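In what follows, a structure is listed as C-alpha cells, so that the remarks can point back to it.
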Amino acid sequence: MPQSYKDLEIYKLAHNLAIEVHRMTLEELPKFERYEEGEQIRRSSKSVPVNIVEGFGRRRYKDDFIRFLTIAHASCSETIEHLEILHDTGSLKKERFDYFFKEYDMLGRKLNSFITSVKEGHLR
C-alpha cells in the first residue's frame, strides 16, 4: 500500500483532470454555461480526487475506504454525464469532449479496479 494518496495513480489522474476541467469551463465554455453547467462539472470533477484523498485517510477501515472510493467513482460517472450534456447542447467542442470522455472513462475503469483490489486484499 502506498504511503501517501499522492502515490496513487488514480489520485494523480483525477487531480490533473479536475484542474483541466476547471480551466476548460472558465476558458472554453460560453459565458452562460460557466455558472450553470460549468459549476456542476467543476464540483463533480473535483469530488473525484477529494474522495480518493478522504478514503485513503480512512484506509485502515476497509468499509470506509471502499465507501469513499465508490463516491469518487460515482462522481467520475457524474462528470461524464455533464460532459455529455455540454457536448449535446453544443457548448463543448467534439474534440474536447472526446478527450475528456476518454480520460474519465479510463479513470472510472481504474477506480473500479482499485476498489476491487481493496475489497480482495485490504492492507496486505
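Remember, it's a predicted structure, so these values are computed and weren't measured experimentally.
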Worksheet item: More than 12 foreign heavy atoms under 6.0 Å from CD of E39: is that the case here?
Response: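 Count over threshold, so yes.
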Worksheet entry | E28: side-chain hydrogen bond (donor to acceptor under 3.5 Å, both in side chains) partners, not counting sequence neighbours | R96
Item to complete: Not counting sequence neighbours, list each pair that qualifies as a ring-ring contact (aromatic ring centres under 6.0 Å, His included) and has a residue in residues 72-97.
Response: H87-F97, F97-F101
Worksheet item: Under the ring-ring contact (aromatic ring centres under 6.0 Å, His included) rule, what pairs show up with a residue in residues 8-39, not counting sequence neighbours?
Response: Y5-Y11, Y11-H15
Discussion item. I'd like to know if K94 and D98 make a salt bridge, using a cut-off of under 4.0 Å between side-chain N and carboxylate O.
Written reply: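 Looking at D98 together with K94, the answer is yes, because their closest N to O distance falls below 4.0 Å.
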Worksheet item: Is K102 salt-bridged to D105, cutoff N-O under 4.0 Å?
Response: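 So K102 does not pair with D105 through a salt bridge.
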For the backbone of [Y] and the side chain of [X], can you confirm whether one donor and one acceptor N or O come within less than 3.5 Å of each other?
{"X": "R59", "Y": "F56", "result": "yes"}
{"X": "S45", "Y": "I41", "result": "yes"}
{"X": "S117", "Y": "F114", "result": "yes"}
{"X": "N51", "Y": "S47", "result": "yes"}
{"X": "K62", "Y": "K119", "result": "yes"}

Spatial distance of atom [atom1] ([X]) from atom [atom2] ([Y]) [nearest 0.5 Å]:
{"X": "E37", "Y": "I85", "atom1": "CD", "atom2": "CD1", "result": "4.5 Å"}
{"X": "I115", "Y": "T70", "atom1": "CD1", "atom2": "OG1", "result": "4.0 Å"}
{"X": "N16", "Y": "K12", "atom1": "CG", "atom2": "NZ", "result": "9.5 Å"}
{"X": "R42", "Y": "I19", "atom1": "CZ", "atom2": "CD1", "result": "12.0 Å"}
{"X": "L83", "Y": "E78", "atom1": "CG", "atom2": "CD", "result": "11.0 Å"}
{"X": "R109", "Y": "I10", "atom1": "CZ", "atom2": "CD1", "result": "15.5 Å"}

Worksheet item: Taking it one step at a time, do L13 and M106 satisfy side-chain contact (heavy atoms from CB on, under 4.5 Å)?
Response: CA-CA 10 Å; L13 181 57; M106 179 178 58; 3.9 Å; yes
Identify the two heavy atoms, one from [X] and one from [Y], that lie closest to each other, and give their separation to 0.1 Å.
{"X": "V48", "Y": "C76", "value": "CG2-N, 3.5 Å"}
{"X": "I52", "Y": "A72", "value": "CG1-CB, 3.9 Å"}
{"X": "L29", "Y": "R34", "value": "O-NE, 3.0 Å"}

Item to complete: Establish, yes or no, whether the cationic atom of R58 lies under 6.0 Å from the six-membered ring centre of Y61 and within 45° of the ring axis.
Response: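 Ring-cation test returns no.
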